[in-house]
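First the structure, in the form of structure tokens, and then the observations on it.
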Amino acid sequence: MTGKLDNALGFYENALRFRSQRQQLLASNIANADTPNYKARDLDFGKVMQAALTNSRPIASVASTLTQTNPGHLAAGSSLSGMDTYVALRTPMQNSMDGNTVDMDVERNAFTENALRYEMAVTMVQGDIKGLLSVLQG
């Protein structure tokens with residue numbers, strides 16, 4: 001029974017997890033809009049979702065092969081749980097004097113779009129759960 005539920009809801013689990021990770025990246029970009037030399041990053045949702053659907057494993061990231069040489073350093077690859085292969089630096093439309101590549105208009109639009117798509121996925125999974133419950137209850 002749980003295998004069938006996993007099959008029925010697994011797509012949404014992945015979609016919501018990837019949308020959440022992308023939202024964190026976009027929020028980080030917005031939070032660092034005034035940080036000199038900060039490079040804006042974004043998760044390629046289409047590629048990571050396609051990899052999840054085809055059950056292909058992400059290519060081992062550079063971060064996962066790093067060695068922690070000082071206990072004060074952050075652990076490698078801990079923040080995006082293997083999805084950092086699909087994270088790319090955003091190409092700025094206009095260069096800034098301090099080397100920061102965050103364009104607030106682009107970030108706000110991407111953040112809003114991603115939030116709407118996240119809400120849409122939540123609504124869809126709620127509908128599917130209601131459908132499954134009505135079938136189980138008869």
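Numbering starts at 1 and runs along the sequence shown. Atoms considered below: every heavy atom in the structure, side chains included; atoms not considered: hydrogens, waters and symmetry mates.
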Spacing of CZ belonging to Arg22 relative to OH belonging to Tyr86, to within rounding of 0.5 Å = 16.0 Å
Residues passing the side-chain hydrogen bond (donor to acceptor under 3.5 Å, both in side chains) test with Asp44, sequence neighbours excluded, are none
Residues passing the side-chain contact (heavy atoms from CB on, under 4.5 Å) test with Leu89, sequence neighbours excluded, are Lys39, Arg41
With sequence neighbours left out, the residues meeting side-chain contact (heavy atoms from CB on, under 4.5 Å) with Asn109 are none
Connected via hydrophobic side-chain network under 4.5 Å: Met120 and Ile129 = yes
Residue pairs passing the side-chain hydrogen bond (donor to acceptor under 3.5 Å, both in side chains) test where at least one lies in residues 111-123, sequence neighbours excluded = Arg19-Asn114, Gln23-Asn114, Glu113-Arg117
Qualifying side-chain hydrogen bond (donor to acceptor under 3.5 Å, both in side chains) pairs, either residue in residues 129-138, two or more places apart = none
Rounded to the nearest 0.5 Å, what separation is found between the CG atom of Asp42 and the CG atom of Leu26?
-> 5.0 Å
Roughly how far, to the nearest 0.5 Å, is CD of Glu107 from CG of Leu25?
-> 9.5 Å
Could you pull out all residues at least two apart from Asp103 that satisfy side-chain hydrogen bond (donor to acceptor under 3.5 Å, both in side chains)?
-> none
Indicate, with yes or no, if Val125 and Leu116 share a hydrophobic cluster defined by side-chain heavy-atom contacts under 4.5 Å among Ile, Leu, Val, Met, Phe, Trp and Tyr.
-> no
Give me the other members of the hydrophobic cluster that Val106 sits in, counting Ile, Leu, Val, Met, Phe, Trp and Tyr linked by side-chain heavy atoms under 4.5 Å, directly or via other members.
-> none
Does Asp34 have any salt bridge (charged side-chain N to carboxylate O under 4.0 Å, His left out) partners at least two apart in sequence or in another chain, and if so, which?
-> none
Residues passing the side-chain hydrogen bond (donor to acceptor under 3.5 Å, both in side chains) test with Asn100, sequence neighbours excluded, are none
Phe11, Met124: one ILVMFWY side-chain cluster at the under-4.5 Å cut-off?
-> yes
Begin from the C-alpha positions of Asn29 and Arg90 and carry the test side chain to side chain contact (heavy atoms under 4.5 Å, CB included) through to its verdict.
-> CA-CA 10 Å; Asn29 290 344; Arg90 191 184 304 275; 4.2 Å; yes
How would you list, by chain and number, every residue that makes a side-chain contact (heavy atoms from CB on, under 4.5 Å) with Ala33, sequence neighbours excluded?
-> Val102, Met104
Heavy-atom closest pair, residues Asn95 and Pro92 | OD1-CG, 4.0 Å
Are Val122 and Phe111 co-members of a hydrophobic cluster defined by side-chain heavy atoms under 4.5 Å apart?
-> no
For Ala40 and Thr101, the nearest pair of non-hydrogen atoms, with its separation, is N-OG1, 2.7 Å
Excluding sequence neighbours, so at least two apart, what forms side-chain contact (heavy atoms from CB on, under 4.5 Å) with Ala15?
-> Phe45, Met49
Which heavy-atom pair separates Tyr12 from Ala121 by the least distance, and what is that distance?
-> CD2-O, 4.1 Å
side-chain hydrogen bond (donor to acceptor under 3.5 Å, both in side chains) involving Ser96 - partner list, sequence neighbours excluded | Asp98
